[in-house]
Amino acid sequence: MNAREINVSGTLVWYYYICPREVWLIGHQITADQDDANVSLGRFIQDYTYPRERKELAVGQSKMDVFRVTDEGLVIGEVKKSSKFKSSARMQLAFYLSELKQRGIEARGELRFPKEKRKEEVMLNEQTERELDKVCREILRILYLPAPPEPKKISFCRKCAYAEFCWS
Amino acid sequence: MKKTLYVFSSGELSRKDNTLFFETEEGRRFIPVEDTGEIMIFGELTVNKKLLEFLSIKEIVLHFFNYHGYYMGSFYPREHLNSGFMTLRQAEHYLDEERRLIIAKEFVRGAARNIRQVLKYYHGREKDVARQLNAIENLIAPIDECKDISTLMALEGNIRDHYYHAFDEIVGNPDFIFQERTRRPPKNYLNTLISFGNSLMYTICLSEIYKTHLDPRIGYLHSTNFRRFTLNLDLAEIFKPIIVDRLIFSLLGKKMITKESFDRVTEGIMMKEKARKCFVENLDEKLKTTIKHRDIGRPVSYRRLIRLELYKMEKHLMGEKEYQAFVARW
Ligand code: SF4
């Protein structure tokens with residue numbers, strides 16, 4: 001793996017909270033089974049995060065929905081089917097916010113769970129930034145491991161496109 | 001799971017919008033591309049660049065067989081899954097003699113154990129194969145001791161000799177005696193069937209490799225010259241006994257293939273088209289049948305087992321888990 005390939009992305013942040021093994025696999029371009037009957041990674045992200053027409057903003061490797069532009073700045077975020085993977089989504093969004101901040105753009109984040117009639121603010125405050133920093137370091141640590149972390153059976157495995165890879 | 005398309009008639013395969021279009025003298029038909037995993041071509045086929053580009057995008061592998069049913073080659077679209085990491089690991093395990101031997105031995109061991117299962121089955125059905133079974137049992141332990149690839153290859157050849165000599169007893173049909181293993185061209189009916197079945201197995205393994213990050217040109221048992229595909233040959237060793245040979249025994253046992261299924265031609269013996277069709281149809285059925293997988297906890301097809309084998313290889317190369325070949329348990 002060369003240095004150029006090592007890059008923390010929003011996707012990796014998202015997976016970090018679900019399964020560190022998956023972070024390693026994705027980071028090493030060991031892409032999941034493309035014709036997995038349950039789900040492919042791409043479709044999964046699409047279904048869960050972008051269920052409808054939207055305005056997209058691309059920053060670096062990340063894409064996010066623009067909800068509105070206000071006097072205080074941009075409101076970006078994502079619509080999620082459920083709050084099941086909330087901490088994943090929160091930190092992924094926080095990651096996007098920090099990518100924007102690095103480019104001098106002030107923004108706030110919003111997670112929406114229309115089915116549950118809820119939304120949640122994500123702010124880039126000191127605490128989140130500290131956490132984000134920790135997560136990014138942790139992701140890099142995982143990526144530099146010579147072999148992936150061992151698989152652990154979790155409920156996500158059932159839907160995971162790596163399942164046959166992990167459990168064969 | 002995507003389907004394998006077998007093309008026996010001659011004609012032209014082309015791209016029409018977003019589907020495949022197949023036109024022959026007998027007729028024309030559209031083939032849904034999303035449904036197709038690989039295409040095996042036995043007839044005379046005309047293709048153009050536009051089609052090949054389309055197949056590349058759709059990640060479909062084409063395998064060509066000549067008029068006599070021998071494998072000629074494959075159109076293997078540029079590797080679509082690429083992991084520099086995996087390629088380096090794969091090469092590393094090839095270049096380091098010791099590491100290469102570890103993998104090669106496991107292929108031989110897996111093949112031998114599956115051969116043993118096949119023989120055990122017929123032994124249980126009162127076929128007199130005890131001598132061969134015994135000989136093979138005695139050759140499994142020495143696999144560990146092999147110090148280099150050539151000794152290992154010799155041992156493997158030895159195992160195979162004993163195995164093939166049990167065929168006459170298993171088949172029990174004077175039309176299909178084994179004599180000796182002959183390849184291009186095979187000199188008798190049984191050898192013709194074995195060659196045909198093995199070729200199909202190689203192409204299926206190749207198609208499965210295409211779905212992983214492995215490079216089919218780097219094999220471990222079969223040495224690599226980077227021009228030919230060899231990893232699929234390695235992998236096929238494990239599955240030939242339990243898929244191809246069992247299929248042959250059953251086709252002969254049910255008289256679905258008889259000596260009338262062959263033509264004698266100047267180059268040797270060839271299967272009639274009807275027999276080839278019968279063979280591939282039954283192979284396809286076999287690949288679709290599922291068995292329960294202990295660790296995955298749900299049924300997986302034989303075809304999927306081949307893929308799982310590749311996943312296990314990848315994990316071995318990654319240094320995660322030592323590769324252990326699949327062994328049938330019945
Ligand atoms: S199958 Fe389970 S252990 Fe493997 S990557 Fe997916 S979630 Fe992680």
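Worth saying up front: this structure is predicted, and the values here are computed from it rather than measured. First the proteins, then the strands, lettered A, B, ... as listed; each starts at 1.
In terms of heavy-atom proximity, A/Pro149 sits nearest to B/Glu320 at O-OE2, 4.2 Å. The heavy-atom pair separating B/Gly319 from A/Ala147 by the smallest distance is O-CB, 4.3 Å.
For B/Gln324, the CD atom is loosely surrounded, since the number of other residues' heavy atoms within 6.0 Å does not exceed 12. By the 6.0 Å contact criterion, CD on B/Glu322 is open, its count of non-hydrogen atoms from other residues, nucleotides or ligands being 12 or less. Taking a 6.0 Å sphere around CZ of A/Arg137, one finds it holds 12 or fewer heavy atoms contributed by other residues, nucleotides or ligands. Few gaps surround CG on B/Asp144; more than 12 heavy atoms of other groups in view lie less than 6.0 Å from it. Counting non-hydrogen atoms of other residues, nucleotides and ligands closer than 6.0 Å to NZ of A/Lys153 gives a total above 12. For B/Glu53, the CD atom sits in a packed shell: over 12 heavy atoms of surrounding residues, nucleotides or ligands are nearer than 6.0 Å.
The CD1 atom of A/Ile30 sits 11.5 Å away from atom OH of B/Tyr311, with the distance rounded to the nearest 0.5 Å. Between the NE2 atom of A/His28 and the CE atom of B/Met318 there is a distance of 8.0 Å, given to the nearest 0.5 Å.
For A/Leu145, no part lies near chain B; criterion is any non-hydrogen pair under 4.5 Å.
Inter-residue side-chain proximity for B/Glu314 and A/Ser168 is flagged as unmet; no heavy-atom pair is nearer than 4.5 Å.
Most heavy-atom pairs under 4.5 Å with chain B: of the set A/Pro146, A/Cys157, A/Cys166, A/Pro148, this distinction falls to A/Pro148.
Paired with A/Phe165 under the rule side-chain contact (heavy atoms from CB on, under 4.5 Å), one option of B/Lys315, B/Lys312, B/Arg307 passes, and it is B/Lys315.
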